[in-house]
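We count residues from 1, following the sequence as given. In listed order, ligands and their atoms are each counted from 1.
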Amino acid sequence: MFQENLGTLGKKWDTLWALSRGRKCCRNEKTTLSRPVVGAVVLVSIPNRDNCSGKVVAVVALGVGGSARPDPIPSHPTPYPPLFSPTSLPLDFPVFSRLQKKSEMTNQSLVITDAKSGLKMAIAVAMSESNLYSTAMPKPLVATNGYFPRKKLIKNGGGAKIIAFTDSMRASSPTRRATETEDQNSWIIRLPSALSMFEDIMNASKGKEIVVFLDYDGTLSPIVEDPDRAFMTNEMREAVRDVAKFFPTAIVSGRSRAKVHNFVKLSELYYAGSHGMDIMGPTEGPKNQRKGNQSVFCQPAREFLPMIDEVNKILLEKIKFVPGAKVENNKFCLSVHYRCVDEKIWGSLGEQVKEVIKDYPKLRLSQGRKVLEIRPAIKWDKGNALEFLLESLGYDKSDNVLPIYIGDDRTDEDAFNVLRKRGQGLGILVSKAPKETNASYSLQEPSEVMYFLKRLVEWKKSSLLGH
Ligand SMILES: O=P(O)(O)OC[C@H]1O[C@H](O[C@H]2O[C@H](CO)[C@@H](O)[C@H](O)[C@H]2O)[C@H](O)[C@@H](O)[C@@H]1O
């Protein structure tokens, strides 16, 4: 029986990726399914998540009637996760209907639990010889996991208020727990990996001019305890540099522009610091690929500078006795970090910050990854920065542009939203944990972002050679 076969094959594999179509199952991987089948599951172990390398270990072919035929193939390393092509099989397909009873199925994919080994396996099954998926952007993800609860802070009742704020602060930076593998797997299926779908995405974007937008923390650099030490690797820097040789590229960060520039150290990029409220660039570098090759400059919140400085001073004074708390001046906005603060006092720290902001109705408070962010209450965010940059580059009304925005945080949702509203571009969320998002694709961590950027460059080079 199908599940038994998966069980015996599966114990040692922590992730299963699935694909069919009787064609190459992995990039750079020569194995094809041995014969066209109605559906097939390719099992790939991804033992090393850092570099996404894995081994294809077996193919389970599903015949009509639901019988499974394990078809072991030689293992060989693959540099990327396999292409992943979710599709629908009829719901009365015998294997599915059995699994469906367990309520573990969406109409596109299955999550099968191997109870004995505790292994949770995400599987998508693809029909062979058919056009399996649309090249259009997937629909927005519907939240099911309780992250980003959008819970309004309770306005009265001291203790309750603090508990609510603590919950909200906790929710702003969900971390992945081992027991969430099932959620994880089904989430990856709902928000496909931009690496797995890479070639399909690129094929769909042929002829369009790509503009790349990159968040910094959690996207180009891993999240670390000390915000001043959030360095990106040289390899990542090279990848960004290469991307900028072929596509206009912008860094869009909550950091001050100067600070994020100092981390990235590439003058050929556009920089939108302070959540997009401080845009400038590029100061040098290849301009020949740019449609609008002029430097840009935009600071829509200039008048707030004295106020931000004032609040910075008050906050520094106020939280100096909170162990682990840190105020970061990001020029047009401020960050109050609580990553290193004892969770028991998150609530009271949050209250102290709110207390300060109360006297400044022109400022607003939002939350990021273990950080409270204070910024001018003007309608200007990373989404506006994206639109401003597209306009500056001459792509305002263009159908011929494909903005790619990669980010990991709540503030990046504003940019994902803009892409959705424009009906163009790719929003890619960097996250291991399921989150409500307006992005269309996912990448798990900065190392995957780097691979994505490298593949973008390879793809561009080979398309210039006419391949
Ligand atoms: O828009 P971003 O570039 O993602 O900036 C958002 C905030 O990122 C930084 O804080 C985050 O990263 C720190 C370093 O890894 C980490 O310690 C902190 O907990 C994260 O929230 C930055 O320090 C903030 O100022 C930005 O607002």
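Counting heavy atoms from C-beta outward, K326 and P227 have side chains that approach closer than 4.5 Å.
If you check each of K382, H337, K259 against atom 18 (C) of ligand 1, the one with the closest non-hydrogen atom is H337.
The ligand atoms of ligand 1 that sit less than 4.0 angstrom from a heavy atom of V371 are 21 (O). For ligand 1 and G254, the ligand atoms under 4.0 Å from any heavy atom of the residue are 1 (O), 2 (P), 3 (O), 5 (O). Taking every non-hydrogen atom of S335 and a distance limit under 4.0 Å, the qualifying atoms of ligand 1 come out as 24 (C), 25 (O), 26 (C), 27 (O). Ligand-side atoms of ligand 1 in range of E225: 17 (O), range being under 4.0 angstrom from any heavy atom. Per-residue contacts place P222 under 4.0 angstrom from the following atoms of ligand 1 (heavy atoms of the residue considered): 15 (O). Of all atoms in ligand 1, listed by their number and element, those nearer than 4.0 Å to a heavy atom of E328 are 22 (C), 23 (O), 24 (C), 25 (O). Within the listing of ligand 1, atoms 9 (C), 14 (C), 22 (C), 23 (O) sit less than 4.0 angstrom from a heavy atom of R255. Ligand-side atoms of ligand 1 in range of A230: 14 (C), 15 (O), range being under 4.0 angstrom from any heavy atom.
Taking distance alone, with nitrogen or oxygen atoms compared against 3.5 Å, D217 approaches ligand 1 more closely than that limit. For a threshold of 3.5 Å applied to N or O pairs, the pair formed by I223 and ligand 1 contains no separation below that value. The shortest N/O to N/O separation between D215 and ligand 1 falls below 3.5 Å. Polar contact check, D412 against ligand 1: no nitrogen or oxygen pair lies under 3.5 Å apart. Note: an N/O pair closer than 3.5 Å links V224 and ligand 1 by distance alone. Residue D226 places no N or O, backbone or side chain, under 3.5 Å from any N or O of ligand 1.
Each of Y441, F198, W459 was compared with F452 under the ring pair (Phe, Tyr, Trp, His ring centres under 6.0 Å) criterion, and only F198 meets it.
Of the protein's non-hydrogen atoms, R339 NE, 2.6 Å is the one closest to atom 19 (O) of ligand 1. Regarding atom 6 (C) of ligand 1, its nearest protein heavy-atom neighbour is E373 OE2, 3.8 Å. In terms of protein heavy atoms, atom 3 (O) of ligand 1 is closest to S253 OG, 2.7 Å. Scanning the protein heavy atoms around atom 21 (O) of ligand 1, the nearest turns out to be R369 O, 2.4 Å.
Under a 4.0 Å N-O distance rule, the pair E238/R241 qualifies as a salt bridge. A salt bridge does not link K397 to D399: none of the charged nitrogens lies less than 4.0 Å from a carboxylate oxygen. Salt bridge present: D228 and K259 bring a charged side-chain N and a carboxylate O closer than 4.0 Å.
Side-chain polar atoms of R255 and S274 form no donor-acceptor pair below 3.5 angstrom. R237 and N234 form a side-chain donor-acceptor contact under 3.5 Å, judged by distance and modelled atom types alone. With hydrogens and angles left out, the side-chain atoms of T437 and E413 include a donor and acceptor closer than 3.5 Å. Side-chain polar atoms of Y360 and E310 form a donor-acceptor pair below 3.5 angstrom.
Ring geometry for F213 versus Y405: interplanar angle under 30°, hence parallel rather than tilted (30 to 60°). Using cut-offs of 30° and 60° on the angle between ring planes, the pair Y338 and W346 is perpendicular.
Taking the six-membered ring where the residue is Trp, the centroids of F332 and F304 are separated by 6.0 Å or more.
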